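First the structure, in the form of structure tokens, and then the observations on it.
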Amino acid sequence: MPDTDLTGRRVLAVVTNYGVEQDELVVPVRHLRDAGAQVDVAAVEDGPIQTLVGDKDPGESVDPDTVLSAVDASGYDLLLVPGGTINADNLRLQDDAPALVKEFTSDGRPVAAICHGPWALVEAGVLEGKTLTSYPSLRTDVRNAGGAWVDRSVVSDDAGGWTLVTSRTPDDLDDFLGAVDAALTASR
């Protein structure tokens with residue numbers, strides 16, 4: 001059981017139905033649920049989510065709790081955007097995903113994105129003045145979107161009235177989850 005009690009906190013994770021990096025979805029969802037948070041996984045379609053390991057090998061299959069088009073984001077405390085190259089590239093093309101990012105950020109609620117997940121934030125146009133990290137191949141996209149890219153295991157940035165937590169890869173999950181817990185605790 002995690003040290004942080006997140007009972008009463010609600011988290012929305014957004015993904016496509018194919019290509020999300022297994023550990024970037026499964027590990028945070030389990031961690032947050034073990035800490036008492038309610039986590040809903042929203043996928044593009046109502047059907048199994050096929051995760052991948054290393055963007056190529058089949059991982060766990062995860063059942064979504066809802067679909068992106070049916071989400072009422074108003075009751076959630078944090079938006080989680082996992083990576084996986086295929087997932088993140090396709091997720092940013094779904095109108096509902098950038099719209100959810102904009103809703104969270106305009107309401108001052110935290111967003112946590114790992115690996116290629118920040119592509120959804122680039123697409124939403126919310127990175128101006130933010131410092132963040134990601135998988136290194138996104139650094140030019142982040143800079144072009146007005147963000148400052150750094151190479152660190154985790155970055156938590158409160159500029160602009162909302163908290164953004166980012167990490168580079170599944171290797172950074174321990175640091176990422178600690179920062180996500182802190183963001184959720186601070187948003188009480």
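All figures in this text were calculated on a predicted structure; none of them were measured in a lab.
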Tell me, yes or no, whether the heavy-atom count around [X] atom [atom1], taken from other residues, nucleotides or ligands under 6.0 Å, exceeds 12.
X	atom1	answer
D89	CG	yes
D174	CG	no
D95	CG	no

Would D96 and V71 satisfy side chain to side chain contact (heavy atoms under 4.5 Å, CB included), going step by step from the backbone distance to the final call? CA-CA 9 Å; D96 293 318; V71 168; over 6 Å; no
With hydrophobic residues grouped by side-chain heavy-atom distances under 4.5 Å, do [X] and [Y] end up in a single group?
X	Y	result
V41	L177	yes
L121	F176	no
V81	L132	yes
L12	L91	yes
L173	L6	yes

Does [X] use its side chain to pair, donor to acceptor, with the backbone of [Y] at less than 3.5 Å?
X	Y	value
Q50	G59	yes
D175	S153	no
R33	V39	yes
T16	Y18	yes
T169	C115	no
S134	H116	no
D77	V11	no
D55	T85	yes
N17	G47	yes
D157	L164	no

Interatomic spacing from [atom1] in [X] to [atom2] in [Y] - rounded to 0.5 Å:
X	Y	atom1	atom2	value
S167	Y135	OG	OH	14.5 Å
Q94	S69	CD	OG	9.5 Å
I86	E21	CD1	CD	10.0 Å
L184	D5	CG	CG	11.5 Å
R152	R168	CZ	CZ	10.0 Å
T51	D23	OG1	CG	8.0 Å

Heavy-atom closest contact ([X] atom, [Y] atom, distance):
X	Y	value
E123	R92	CG-O, 3.2 Å
A183	T163	CB-CG2, 4.2 Å
G117	A88	N-CB, 4.1 Å
A145	V122	CB-CG1, 4.1 Å
A179	V154	CB-CG2, 3.7 Å
P64	I49	CB-CD1, 3.9 Å

Is the NZ or CZ atom of R10 both under 6.0 Å from the centre of the six-membered ring of Y76 and within 45° of that ring's axis? yes
Is the NZ or CZ atom of K130 both under 6.0 Å from the centre of the six-membered ring of W149 and within 45° of that ring's axis? no
Non-hydrogen side-chain atoms of [X] and [Y] separated by less than 4.5 Å:
X	Y	answer
W162	D107	no
V14	L68	yes
T105	V111	yes
V20	L52	no
V155	V165	no
R9	L78	no

Apply side chain to side chain donor-acceptor pair (under 3.5 Å) to residues T66 and D40 and explain how you reach the verdict. CA-CA 7 Å; T66 188; D40 292 330; over 6 Å; no
Going by an N to O cut-off under 4.0 Å, is there a salt bridge joining R30 and E60? yes
Side chain to side chain contact (heavy atoms under 4.5 Å, CB included), that's the test. Do D181 and L32 meet it? Break it down for me. CA-CA 8 Å; D181 289 353; L32 292 165; 3.9 Å; yes
